[in-house]
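Below is one structure, written out as structure tokens, with a few remarks after it.
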Amino acid sequence: MTSIKKNDILNCIDYCKKNKLFDRLNNIYATLPSGNCTGCGNCCMESVGINLIEFINIFEHLKSNDKLRKKCLSKVLDYYFLEFVQKSACPFKDENNRCLIYEVRPLNCRLFGHWKKDDYNKNLANVTQKNIDYNKVIKSKYGFDINDEVVNYKIKYCEEFVPQNGYMDKSTRLSFADELMILDSNIYSKGIIDIEFKDRGVVEYFIDSMLNEDTAYNIKIRVSKDESVRQIAINRLKKILL
């Protein structure tokens with residue numbers, strides 16, 4: 001059984017449509033200031049954190065395009081199960097550095113480039129330290145090291161992006177996140193989806209919609225430790241799940 005049930009997701013989609021939550025989400029996105037982006041794709045190198053409402057919105061977007069859905073989810077499976085052994089780009093980035101879900105991309109993607117440099121670099125240092133600490137846990141518990149490039153990979157501050165209205169301070173950025181949390185709480189309060197409230201990246205949301213969380217993680221550990229079964233296991237999962 002999956003950790004996030006498909007029927008619950010579909011019920012959430014219906015609820016969001018009937019109560020115009022997708023409209024409210026898009027209105028929040030529309031209030032974000034714009035900026036001049038070169039389109040280099042250097043920032044699109046991780047599973048960004050997203051809100052429940054954003055996952056439901058992306059799920060609905062992919063649901064109407066089966067070819068795109070299969071392409072994205074195939075890359076999601078590769079990203080997740082190979083995460084400890086190789087550094088991969090965001091699974092929603094194509095070979096031309098274009099976002100495959102640009103119309104419904106998450107808040108964190110839309111805010112990239114709007115950070116003040118000091119804030120960004122402090123956050124980056126915290127992320128790197130968390131990666132180092134997590135690698136120690138993996139080594140102690142499972143006896144292998146996460147790939148060094150993965151542990152120490154840094155998405156550098158973008159000097160090329162030019163925000164239209166100047167750089168945002170932390171409180172301004174968090175105010176947008178708070179608005180999305182209000183939309184999430186609207187969904188959770190109705191009891192139409194049975195999942196634990198916790199931080200998830202976009203990849204983790206989709207993995208949880210395809211597999212049980214513990215099962216997926218156990219497979220991830222196995223294929224990370226044993227290269228001989230790695231690609232066979234991932235290919236089998238794709239045949240079953242896609």
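- Sorted by first then second residue, the salt bridge (charged side-chain N to carboxylate O under 4.0 Å, His left out) pairs that include residues 135-147, not counting sequence neighbours, are Lys139-Asp145.
- Side-chain atoms of Leu183 and Ile28, non-hydrogen and from C-beta on, do get closer than 4.5 Å to each other.
- Within 6.0 Å of the CD atom in Gln86, the count of heavy atoms belonging to other residues, nucleotides or ligands exceeds 12.
- The heavy-atom pair separating Pro33 from Asn165 by the smallest distance is CB-ND2, 3.5 Å.
- Minimum heavy-atom separation, Pro106 to Ile58: CG-CD1, 4.2 Å.
- Cluster annotation: Tyr80 is not connected to Met45 through the hydrophobic network of ILVMFWY side chains, with a link wherever side-chain heavy atoms come within less than 4.5 Å.
- Among all heavy-atom pairs drawn from Met168 and Phe176, the shortest one is CE-CE1, 3.9 Å.
- The main-chain N or O of Val223 is found under 3.5 Å from a side-chain atom of Arg230 such that the two form a donor-acceptor pair.
- By the 6.0 Å and 45° rule, Lys220 stacks over the aromatic ring of Phe84.
- Cluster membership for Ile232 and Ile221, using ILVMFWY side-chain heavy atoms within less than 4.5 angstrom, is not shared.
- Looking at Asn97 and Cys44, their side chains never come closer than 4.5 Å, going by heavy atoms from C-beta outward.
- Separation of atoms NZ (Lys17) and CD (Glu60) is listed at 3.5 Å; rounding is to 0.5 Å.
- For the residue pair Tyr15/Asn186, the side-chain donor-acceptor check at 3.5 Å is satisfied.
- Atom CD of Gln164 is surrounded by more than 12 heavy atoms from other residues, nucleotides or ligands within 6.0 Å.
- The pair Asp118-Lys122 does not meet the salt-bridge criterion, since no charged nitrogen lies less than 4.0 angstrom from a carboxylate oxygen.
- Residues Val229 and Arg222 are in side-chain contact: their nearest non-hydrogen atoms beyond the backbone lie under 4.5 Å apart.
- Salt bridge absent: Arg24 and Glu179 never bring a charged side-chain N and a carboxylate O closer than 4.0 Å.
- Between Leu237 and Phe81, the closest side-chain pair of non-hydrogen atoms falls below 4.5 Å.
- In this structure, Phe206 and Phe92 have tilted ring planes: the angle between them lies in the 30° to 60° band.
- One finds no salt bridge joining Glu204 and Lys198 here, because no Lys/Arg side-chain nitrogen approaches an Asp/Glu carboxylate oxygen to under 4.0 Å.
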Could you walk me through whether Leu73 and Leu241 pass the side chain to side chain contact (heavy atoms under 4.5 Å, CB included) test, one step at a time? CA-CA 9 Å; Leu73 293 189; Leu241 299 173; over 6 Å; no
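- Proximity of Leu32 to Leu111: side-chain heavy atoms (C-beta onward) are separated by under 4.5 Å at one or more points.
- Between the CG atom in Leu107 and the CD1 atom in Ile53 there is a gap of 12.5 Å [rounded to 0.5 Å].
- A salt bridge is absent between Lys130 and Asp133: the closest approach of a Lys/Arg side-chain nitrogen to an acidic carboxylate oxygen does not fall below 4.0 angstrom.
- Remark: Lys70 NZ is loosely packed, at most 12 non-hydrogen atoms of other residues, nucleotides or ligands lying under 6.0 Å away.
- In this structure a side-chain-to-backbone donor-acceptor pair under 3.5 Å is present from Asp184 to Leu52.
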Begin with the C-alpha distance, continue with both residues' side-chain angles, and end with the deciding distance and a verdict on ring-ring contact (aromatic ring centres under 6.0 Å, His included) for Phe161 and Tyr167. CA-CA 10 Å; Phe161 183 88; Tyr167 296 99; 7.9 Å; no
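- Here the side chains of Val150 and Asn131 are not in contact, with every heavy-atom distance at 4.5 Å or above.
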The test is side-chain hydrogen bond (donor to acceptor under 3.5 Å, both in side chains); show your working for Thr172 and Asp169 and say whether it passes. CA-CA 6 Å; Thr172 303; Asp169 58 25; 2.6 Å; yes
Tell me, with the steps shown, if Ile182 and Asp178 meet side chain to side chain contact (heavy atoms under 4.5 Å, CB included). CA-CA 6 Å; Ile182 291 171; Asp178 288 344; 5.6 Å; no
Would you sort out whether Leu242 and Ser74 count as a side chain to side chain contact (heavy atoms under 4.5 Å, CB included), showing the intermediate values? CA-CA 8 Å; Leu242 304 181; Ser74 176; 3.8 Å; yes
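- Connection of Tyr134 to Tyr153 is not established within any shared hydrophobic cluster, with ILVMFWY side chains joined at heavy-atom distances below 4.5 Å, either directly or through further cluster members.
- In this structure, OG on Ser209 lies 11.5 Å from CD1 on Ile56, to the nearest 0.5 angstrom.
- Note on Ile146 and Leu124: separate hydrophobic clusters, where clusters join Ile, Leu, Val, Met, Phe, Trp and Tyr whose side-chain heavy atoms are under 4.5 Å apart, directly or indirectly.
- Rounded to the nearest 0.5 angstrom, Leu77 CG and Lys75 NZ are separated by 12.5 Å.
- The two residues Arg105 and Cys99 make their nearest non-hydrogen contact at CB-SG, 4.4 Å.
- For the pair Arg200 and Phe55, the NZ or CZ position fails the cation-pi test of under 6.0 Å to the six-membered ring centre and within 45 degrees of the ring normal.
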Any chance you could lay out the side chain to side chain contact (heavy atoms under 4.5 Å, CB included) test for Asp14 and Ile192, step after step, and finish with the verdict? CA-CA 10 Å; Asp14 288 342; Ile192 54 180; over 6 Å; no
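- For the residue pair Asn212 and Met1, the shortest heavy atom distance occurs at CB-O, 3.1 Å.
- By the neighbour-count criterion of 12 heavy atoms within 6.0 Å, atom CG of Asn96 is densely surrounded, having more than that number from other residues, nucleotides or ligands.
- Residues Tyr29 and Glu54 meet the side-chain proximity criterion, which asks for heavy atoms closer than 4.5 Å.
- When all heavy atoms are compared, the tightest approach of Val202 to Ile50 is CA-CD1, 3.7 Å.
- The closest donor-acceptor contact from the side chain of Asn27 to the backbone of Asp23 lies under 3.5 Å.
- Residues Leu82 and Ile240 are members of one and the same hydrophobic cluster, defined by side-chain heavy-atom contacts under 4.5 angstrom among Ile, Leu, Val, Met, Phe, Trp and Tyr.
- Asn108 places a side-chain N or O within donor-acceptor distance of the main-chain N or O of Gly49, the cut-off being under 3.5 Å.
- With rounding to the nearest 0.5 Å, the separation of NZ in Lys190 from OG in Ser185 is 10.0 Å.
- The CD1 atom of Ile195 lies 7.5 Å from the SG atom of Cys12; values are rounded to the nearest 0.5 Å.
- Side-chain contact check for Leu21 versus Asn57: every heavy-atom pair is 4.5 Å or farther apart.
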